[in-house]
Novice: 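Have a look at the structure that comes next, please.
Computed from a predicted structure; not experimentally measured. When a residue number appears, it is its place in the shown sequence, counting from 1.
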Amino acid sequence: DIEATAGGASTTTRVTLRAGERAFLTTMPLPAGGTELSIRARLVAASGGALPVSDMLRIDTSQGMQPLLFRRGLATGNRLVPAADLRFSRTERVRLELPVEADAKPGSGRLLDRTRQPTQVPVTVGERVDDATGQRWITADVVLAALSGGDYAIEIEVIGGDKSQRIVSAIRVVR
């Protein structure tokens, strides 16, 4: 069970993991109000033979938009898998998905090194609409094969109305 609490109200959702899965992505309606989101996850074995494991996470929602990260590589095949860890292998591809309002458009994207200098690695920026919810997303895809191990940042420009905003997400290439 995943429980989210914000502004004194809470909502709960249930996620079933298949054998071998280590990460999941779910949607849940968030209570209105508050600038902090408390998430409590409880993992229970389907067989009931093991003790449940639980953990809690607090997220400051006043920081604005943050993208979802996905990985695709040898271990995942052609599937995009939610990335619960910001460490990626050189054999993987990274995808960021950023929820945006209806008037927002994708701008440019670039990969920065640890000194915030642009690299020659291309960032393919696009957009998609979630069929189930109608939510618009700006996407950014990066192939990591040309990189050495180290810290990098993916920068996405979001153009909305009269202004543009740059969203920067850190990643680490480990091998």
Novice: Specify the closest pair of heavy atoms between A146 and V121, including all atoms of both residues, with the distance to one decimal.
Specialist: CB-CG2, 4.3 Å

Novice: Ignoring hydrogens and angles, tell me if any N or O in the side chain of S89 forms a donor-acceptor pair with the backbone of E92 under 3.5 Å.
Specialist: no

Novice: Between E97 (side chain only) and L68 (backbone N and O only), is there a donor and an acceptor less than 3.5 Å apart?
Specialist: no

Novice: Look at the side-chain heavy atoms of Ile, Leu, Val, Met, Phe, Trp and Tyr, link any pair under 4.5 Å apart, and say whether I138 and L111 land in one connected group.
Specialist: yes

Novice: Say you draw a straight line from CG of D85 to CZ of R172; how long is it, rounded to the nearest 0.5 Å?
Specialist: 9.5 Å

Novice: Quick one: closest heavy-atom pair of P118 and R110, and the distance?
Specialist: CG-NH1, 3.5 Å

Novice: Quick check: does any side chain N or O of R71 sit under 3.5 Å from a backbone N or O of R87, one acting as donor and the other as acceptor?
Specialist: yes

Novice: Could you measure the distance from the CD atom of E157 to the NZ atom of K105? Nearest 0.5 Å is fine.
Specialist: 14.0 Å

Novice: P106 and G126: which non-hydrogen atoms are nearest, and at how many Å?
Specialist: CB-O, 3.9 Å

Novice: Assigning hydrophobic clusters by single linkage (Ile, Leu, Val, Met, Phe, Trp, Tyr; side-chain heavy-atom cutoff under 4.5 Å), is L86 placed with V142?
Specialist: yes

Novice: Atom CZ of residue position R128 - does it have more than 12 heavy atoms of other residues, nucleotides or ligands inside 6.0 Å?
Specialist: yes

Novice: Quick check: closest heavy atoms across A140 and I156, and the distance to 0.1 Å?
Specialist: CB-CD1, 3.7 Å

Novice: Quick check against the 3.5 Å criterion: does Q135 have a side-chain atom that pairs as donor or acceptor with the backbone of E101?
Specialist: no

Novice: Which distance, rounded to the nearest 0.5 Å, do you find between the OG1 of T115 and the CG of D151?
Specialist: 11.5 Å

Novice: State yes or no: do V143 and V123 share one hydrophobic cluster built from I, L, V, M, F, W and Y residues joined by side-chain heavy-atom distances below 4.5 Å, directly or via other members?
Specialist: no

Novice: I want to check something: taking the side chain as every heavy atom from C-beta on, are L69 and F88 in contact at a cut-off of under 4.5 Å?
Specialist: yes

Novice: Could you tell me whether R136 atom CZ has more than 12 heavy atoms of other residues or ligands within 6.0 Å of it?
Specialist: yes

Novice: Just how far is it from atom CD1 of I167 to atom CG of L98, taken to the nearest 0.5 Å?
Specialist: 5.5 Å

Novice: Does the side chain of L144 reach to within under 4.5 Å of the side chain of I171, using non-hydrogen atoms?
Specialist: yes

Novice: Treating R90 as the side-chain partner and L147 as the backbone partner, does any N or O pair qualify as donor plus acceptor under 3.5 Å?
Specialist: yes

Novice: Which pair of heavy atoms, one from W137 and one from V100, lies closest together, and at what distance?
Specialist: N-CG2, 4.3 Å

Novice: Rounded at 0.5 Å granularity, tell me how far OG1 in T139 sits from CG in L96.
Specialist: 9.5 Å

Novice: Rounded to the nearest 0.5 Å, what's the gap from CG on D113 to OH on Y152? Could you check?
Specialist: 7.5 Å

